[in-house]
Amino acid sequence: MDPLHLRSAGTSVLLAFDSGEAEIVHWGADLGASIPDLGLLSPPIPHSSYDVPAVGGLLPQASSGWLGRPALRGHRTAADQAQSSVPGFAFSPALRVVSVEATLDGRGARIVQADADAGLSVASELVLHEGGLLEIAHELTNTGAGPYQLDELAAVVPLLGDATELLDLTGRWCRENHPQRQAVRQGTWVRSGRHGRTGHDSSLLVAAGTAGFSNRTGRVWAVHFGWSGNHEQYLDSLADGRRTLGAAELLGSGEVVLGPGESYRTPVLYAAYSGRGLDGVTDAFYRWFRARPHHVDTVSGRERPVVLNTWEAVYFDHRLEPLEELAALAADLGVERFVLDDGWFRGRRDDHAGLGDWYVDETVWPDGLTPLIDKVTALGMEFGLWVEPEMVNLDSDVARTHPEWIAGPSASSHKDGGRLPLEWRHQQVIDLVNPDAWQYVYSRLDALLTENNIAYLKWDQNRDLAEYGHAGRPSVHEQTLAFYRLLDALRAAHPGVEIESCASGGARVDLGVLQRTDRVWASDCNDALERQTIQRWTEAVLPPELVGAHIGPTHSHTTGRVHDLSFRAITALFGHFGLEWDIRQATPAERETLRRAIALYKRHRGLIHSGERVVADLGEPKLALQGVVAHDRGEGLFAAVALGTLAAEAPGRVGLPGLDPEREYRVEVLLPTPADGDWSDTFADVSRPGWLAAGATASGRFLAEVGLPLPILRPEHAILLHATTVR
Ligand code: DGJ
């Protein structure tokens, strides 16, 4: 069978079939059109090994000599064999190619591999998108006569031997997406997520690369697993020198049992290769996101509106008059979307009660939400509403009426002696696998959206659950699919409504949920310093138009830090910008600064939400420079940020990456402006580089290679620079 060569945006994926199974023999730099006879890749056979070369297939398997983690694990039980047409436990399949089909004008492939003796068949779909992102998913079908218990089906990509360093992300509540880095060694490195949701600590990106790979240099192979439930991501480094990056759903015991003819589909593994460091990986993800027909800007045809969210402004204190006052102030400053957060529904005076009762609270809102919505829309803003549809408080009418709708390990409801999972924020989860429970939640949301003029839902999910169960069986897999179905059904019924994925901040940020939502709440932490790191790494995968970023109160509610407004504004600008602050308490001067920051965002959001992201490689760990450059290189917006005190007295010259080397640019400081206060709030110096006040003119090459001397930024301060072509 001839090899298949997928090529796009500097990336090649070369598939060979000579071994009898599908094998990715190359995923990396573009190989050009000419491919030699692949027989030349036949490896030597060492002593003390199988007598034929072991195959590292698209689905690595022991039957081909793979001694690492196999892609498919499962079995038929002794009891099952009574019903089975095929003898044995089918514990070690030998899947071999049945058919290969090139799809999508040569950018995709559909490959079927089967083992008739084991009664198993796997159809694999690969797509190499135009921006270079590779997508892999498998579908396993039980072709035998009896049941097959699936333990794991992983999607795997091979790594080249010179990927010697590994970078992944981890975190916790209010500190999502922090990088950690280590050397690749022999053995299997695994990250497991058992939260029942994606998880604050889930690695949005797992990247392996050549020694010292950085933001803008080195070869990098990176993957993301598009799934909102339990999962494992791993790097398998074998004694024979081969390495794979893989990911799979982490299934519970007995969670997926396939009856005859039934199938299981893996979530999608997204994989990006870059020959120019992490920025190249980011570029592949951004291009993929932005090419989707349902991507926010394409769908709404307008720019991302400035948001005001009420959470850190009023928390549960819902009263019409103060909220109307907040709305009027917000509209006056230029806010375009007003989002009413938690606290509006029956019994919800604090976080102990009410979840599940999705009716407007008559005691707080005697005339419903209409008066507030009317006020908001009359002010020219959209209205958004917070919901947490998958959750239930025991202190709610729905839990009292339907105790059997609560997900947990027991087959019976807690009213009948069944054990409930531990509470978390005083709440339990509704078992969406139960069709009646699903229908109830759907109907309530549908009614809310039908009866009220709501343009946006902030869809929250505030607890982990390690004991998801439906009818006594583990159910994270089914629950996650039911959650996706809920989103899909609501979107189909209310196509104009935008939905945000929030889960105590960023505990559900993944490409599975983002195929049916329009932005994420990256973190409950609005502290600009913390946000610098959280957003830098969230936006390594997600484009900024999908990443909610709000200016919080002067005194951060989650860390207690105090930051000046220009640092908070510069930080929020590089996302989907908004406010989350009781601006009734802001001083007149602060409101004027906010007004200017909002106007600035509106002027530049077209660029921020369409351009290429650049992150400079700087030697000083407490100094960051990142920005967005237009694809036509006509302009760029950059933030230089002091994340703490610098080792040197002055930051020195810093290059602006990504501009056209051959064109001439004018660089100006946009924030802070002298109107926002004395510049000495931001800079600690006796004198400043001359270009700061007057602007600088230089070629893109000069700006990248020589750079500009930065002023001496005080710790936890930033400046915003704008470069535009003059020639
Ligand atoms: C957690 C979210 O992340 C917050 O922004 C807020 O919506 C609260 N939940 C409300 O309960």
Side-chain angles (χ1 to χ4, degrees), residues 171-177 195-202 228 307-318 323 326 337-358 361 364 383-393 395-396 423-430 445 448 454 456-465 498-510 513 517-528 530-531 534-535 538 546-553 556-559 572 575-582:
R172 60 162 168 83
W173 179 70
C174 275
R175 197 177 192 272
E176 294 85 342
N177 288 328
H195 302 275
R197 55 180 174 175
T198 320
H200 285 108
D201 61 346
S202 170
S228 313
V307 175
L308 182 134
N309 181 286
T310 61
W311 183 240
E312 291 201 0
V314 300
Y315 292 104
F316 290 105
D317 182 13
H318 283 202
L323 284 165
L326 196 61
R337 174 182 286 164
F338 184 88
V339 181
L340 183 67
D341 212 283
D342 195 355
W344 58 268
F345 47 97
R346 273 188 199 156
R348 190 66 168 175
R349 300 286 57 81
D350 56 36
D351 62 8
H352 286 74
L355 288 173
D357 293 346
W358 302 112
D361 192 312
V364 181
F383 181 79
L385 190 66
W386 180 96
V387 287
E388 195 179 358
E390 299 140 85
M391 296 295 151
V392 61
N393 288 117
D395 187 359
S396 67
E423 289 205 349
W424 178 303
R425 206 192 187 203
H426 325 291
Q427 62 198 56
Q428 296 286 359
V429 181
I430 288 214
L445 292 172
L448 278 169
I454 295 171
Y456 175 83
L457 284 183
K458 175 178 176 182
W459 186 303
D460 209 343
Q461 199 285 28
N462 283 307
R463 70 159 293 168
D464 284 0
L465 180 53
E498 251 187 53
I499 303 180
E500 172 179 57
S501 172
C502 169
S504 327
R508 192 152 64 189
V509 177
D510 62 78
V513 78
T517 49
D518 306 292
R519 78 168 214 169
V520 299
W521 185 227
S523 180
D524 275 356
C525 185
N526 286 316
D527 173 322
E530 298 294 330
R531 277 285 182 149
I534 293 168
Q535 287 173 207
T538 305
L546 301 184
V547 180
H550 297 169
I551 297 180
S556 165
H557 288 191
T558 54
T559 64
H576 179 197
F577 179 91
L579 315 179
E580 191 160 334
W581 179 13
D582 186 356

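We count ligands from 1, going down the list as the structure has it; atoms in each ligand are counted the same way.
- Remark: ligand 1 atoms within the under-4.0 Å shell around heavy atoms of N462 are 1 (C), 9 (N).
- Heavy atoms of R425 come nearer than 4.0 angstrom to ligand 1 in at least one pair.
- Considering both main-chain and side-chain atoms, D460 comes within under 3.5 Å of ligand 1 through a nitrogen or oxygen pair.
- Among all non-hydrogen protein atoms, the one lying nearest atom 4 (C) of ligand 1 is D524 OD1, 3.5 Å.
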Q: Run the numbers on C502 and D460 for side-chain contact (heavy atoms from CB on, under 4.5 Å), then give the verdict.
A: CA-CA 5 Å; C502 169; D460 209 343; 3.2 Å; yes
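- Every atom of ligand 1 with a heavy atom of C502 under 4.0 Å away is listed here by number and element: 2 (C), 3 (O).
- The shortest N/O to N/O separation between G505 and ligand 1 falls below 3.5 Å.
- Listed by number with element, the atoms of ligand 1 under 4.0 angstrom from any heavy atom of K458 are 4 (C), 5 (O), 6 (C), 7 (O).
- For ligand 1, the atoms lying closer than 4.0 Å to a non-hydrogen atom of W521 are 3 (O), 5 (O).
- N393 and D395 share no side-chain donor-acceptor pair at under 3.5 Å.
- Across all non-hydrogen atoms, the minimal contact from H550 to A572 is C-CB, 4.0 Å.
- A side-chain donor from one of D524 and W173 sits under 3.5 Å from a side-chain acceptor of the other.
- Considering backbone and side-chain N/O atoms, E580 never comes within less than 3.5 Å of an N/O atom of ligand 1.
- For atom 11 (O) of ligand 1, the closest heavy atom belonging to the protein is D342 OD2, 2.6 Å.
- Defined by atom type and a distance below 3.5 Å, a donor-acceptor pair is present between the side-chain atoms of R197 and S504.
- Note on ring orientation: taking the six-membered ring where Trp is involved, the planes of F345 and W386 are parallel (angle under 30°, cut-offs 30° and 60°).
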> Could you go step by step and tell me if E312 and N526 meet the side chain to side chain donor-acceptor pair (under 3.5 Å) rule?
Replying inline: CA-CA 9 Å; E312 291 201 0; N526 286 316; 3.3 Å; yes
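- In terms of protein heavy atoms, atom 6 (C) of ligand 1 is closest to D341 OD1, 3.4 Å.
- If you check the side chains of D510 and S228, you find a donor sitting under 3.5 Å from an acceptor.
- At a heavy-atom distance under 4.0 Å, no atom of A503 approaches ligand 1.
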